[in-house]
> 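Pasting in a structure now, in structure tokens, and then I'll have a few things to ask.
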Amino acid sequence: MRMALALAQAAADVDEVPVGAILVDETTGTVLAEGSNRPISTCDPTAHAEIIALRAGAENLGNYRLTGLTLYVTLEPCPMCAGAISLARIGRVVWAADDPKGGGVLHGPRIFDQPTCHWRPATEGGLLGDEAAGLLKRFFRARRGTGTARSRSDAQPPVEGRPE
């Protein structure tokens with residue numbers, strides 16, 4: 001998880017939300033892939049740390065099934081990432097900080113608990129959670145304080161008749 005936290009800090013250093021992920025083969029202790037958030041720099045809304053690590057891991061192994069591997073991530077996976085984790089057949093997911101607002105494992109839609117979820121990895125939350133949560137809080141506090149945070153005006157204009 002310390003490696004994932006370093007990746008999260010690297011993301012923050014380039015003004016991306018500080019989330020990092022590493023994919024590990026626990027039987028050999030080998031780090032197979034890593035990722036950090038890059039949706040802003042790549043103009044790709046799917047460029048979450050987990051997705052980047054899963055893509056790199058699949059490419060490195062030459063297989064889209066990543067059975068038996070462990071994904072360490074600094075923030076509870078969102079619903080999109082939880083779905084990808086299930087499709088990749090990851091054996092275990094360990095995250096640092098819970099995400100009550102945007103999480104998809106313990107919070108929100110609880111993807112792995114859905115009857116339509118075909119693969120349910122073992123899950124564990126809270127490993128170095130205070131450190132990861134602190135990094136996120138400092139990042140967002142600094143963005144709010146310097147006026148660099150993207151405002152709602154950066155988003156698409158609201159659809160008439162639909163609340164913002």
> May I ask you to decide if Leu32's main-chain N or O and Asn60's side chain share a donor-acceptor pair within less than 3.5 Å?
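Yes.
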> Which heavy atom of Gly104 sits nearest a heavy atom of Ala82, and at what distance?
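Here Gly104 and Ala82 meet closest at O-CB, 4.2 Å.
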> Please find the pair of heavy atoms, one from Ile22 and one from Glu34, that lie closest to each other, and give the distance.
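For Ile22 and Glu34, the tightest heavy-atom pair comes out as CG2-CB, 4.0 Å.
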> Measuring from Leu87:CG to Tyr64:OH, what's the distance to the nearest 0.5 Å?
9.5 Å
> With the side chain counted from C-beta on, respond yes when Leu135 and Phe139 share a heavy-atom pair under 4.5 Å apart, and no when they do not.
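They are not in contact (no side-chain heavy atoms under 4.5 Å apart), so the answer is no.
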> Keeping Asn63 on the side-chain end and Arg65 on the backbone end, is there a donor-acceptor pair under 3.5 Å?
yes
> If you measure from OG on Ser36 to CG on Leu5, what distance do you get to the nearest 0.5 Å?
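Nearest 0.5 Å value for the OG-CG distance: 12.5 Å.
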> Tell me if a side-chain donor or acceptor on Asn37 pairs with a main-chain N or O of Ala49 at a distance below 3.5 Å.
yes
> With a 3.5 Å distance limit and no angle check, can you tell me whether Gln114 reaches the backbone of Pro109 through a side-chain donor-acceptor pair?
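Yes; judged by distance alone, with no hydrogens or angles, the pair exists.
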> When hydrophobic residues are tied together by side-chain contacts of less than 4.5 Å, even through go-betweens, does Leu136 share a cluster with Leu7?
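Not linked; separate clusters.
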> Once salt bridge (charged side-chain N to carboxylate O under 4.0 Å, His left out) is applied, do any residues pair with Arg2, and if so which ones, sequence neighbours excluded?
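Salt bridge (charged side-chain N to carboxylate O under 4.0 Å, His left out) list for Arg2, sorted by chain: Glu131.
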> Could you list all the salt bridge (charged side-chain N to carboxylate O under 4.0 Å, His left out) pairs where at least one residue sits in residues 103-123, not counting sequence neighbours?
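For residues 103-123, and leaving out neighbouring residues, the salt bridge (charged side-chain N to carboxylate O under 4.0 Å, His left out) pairs sorted by first residue read Arg110-Asp113.
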> If only atom types and distance count, is the side chain of Trp119 paired as donor or acceptor with the main-chain N or O of Ile90 below 3.5 Å?
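Yes, Trp119 side chain to Ile90 backbone: donor-acceptor pair under 3.5 Å.
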> Which pair of heavy atoms, one from Ile51 and one from Met80, lies closest together, and at what distance?
CG1-CE, 4.1 Å
> Establish whether Ile85 and Leu66 are linked, either directly or via other cluster members, by ILVMFWY side-chain heavy-atom contacts under 4.5 Å.
yes
> Taking all non-hydrogen atoms of both residues into account, name the closest pair between Pro77 and Val93 and its distance.
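For Pro77 versus Val93, the nearest heavy atoms are CG-CG1, 4.1 Å.
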> Between Asp15 and Arg143, is any pair of side-chain heavy atoms under 4.5 Å apart?
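In short, these two side chains touch, coming nearer than 4.5 Å.
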> Any chance you could measure Glu16, atom CD, to Ile40, atom CD1, to the nearest 0.5 Å?
4.5 Å
> Can you measure from OG1 (Thr46) to CD1 (Ile52) and round to the nearest 0.5 angstrom?
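The distance works out to 8.0 Å.
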> Show the nearest heavy-atom pair for residues Val19 and Thr74, with the distance to one decimal.
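Nearest heavy atoms, Val19 then Thr74: CA-OG1, 3.3 Å.
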> Which pair of non-hydrogen atoms, one from Ala96 and one from Ala132, has the smallest distance, and what is that distance?
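For Ala96 versus Ala132, the nearest heavy atoms are CB-CB, 3.5 Å.
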> For Glu59, is the CD atom crowded, meaning more than 12 foreign heavy atoms sit under 6.0 Å from it?
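Incorrect, the count does not exceed 12.
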> Is Val94 reachable from Leu128 through a run of I, L, V, M, F, W or Y residues, each pair having side-chain heavy atoms under 4.5 Å apart?
yes
> Going hydrophobic residue to hydrophobic residue with side-chain gaps under 4.5 angstrom, can you get from Leu75 over to Val24?
no
> Hey, which of Glu124, Met3, Arg92 is the one that makes side chain to side chain contact (heavy atoms under 4.5 Å, CB included) with Tyr72?
Arg92
> Answer yes or no: is there a donor N or O on one side and an acceptor on the other, between the side chain of Glu76 and the main chain of Gly125, under 3.5 Å?
no
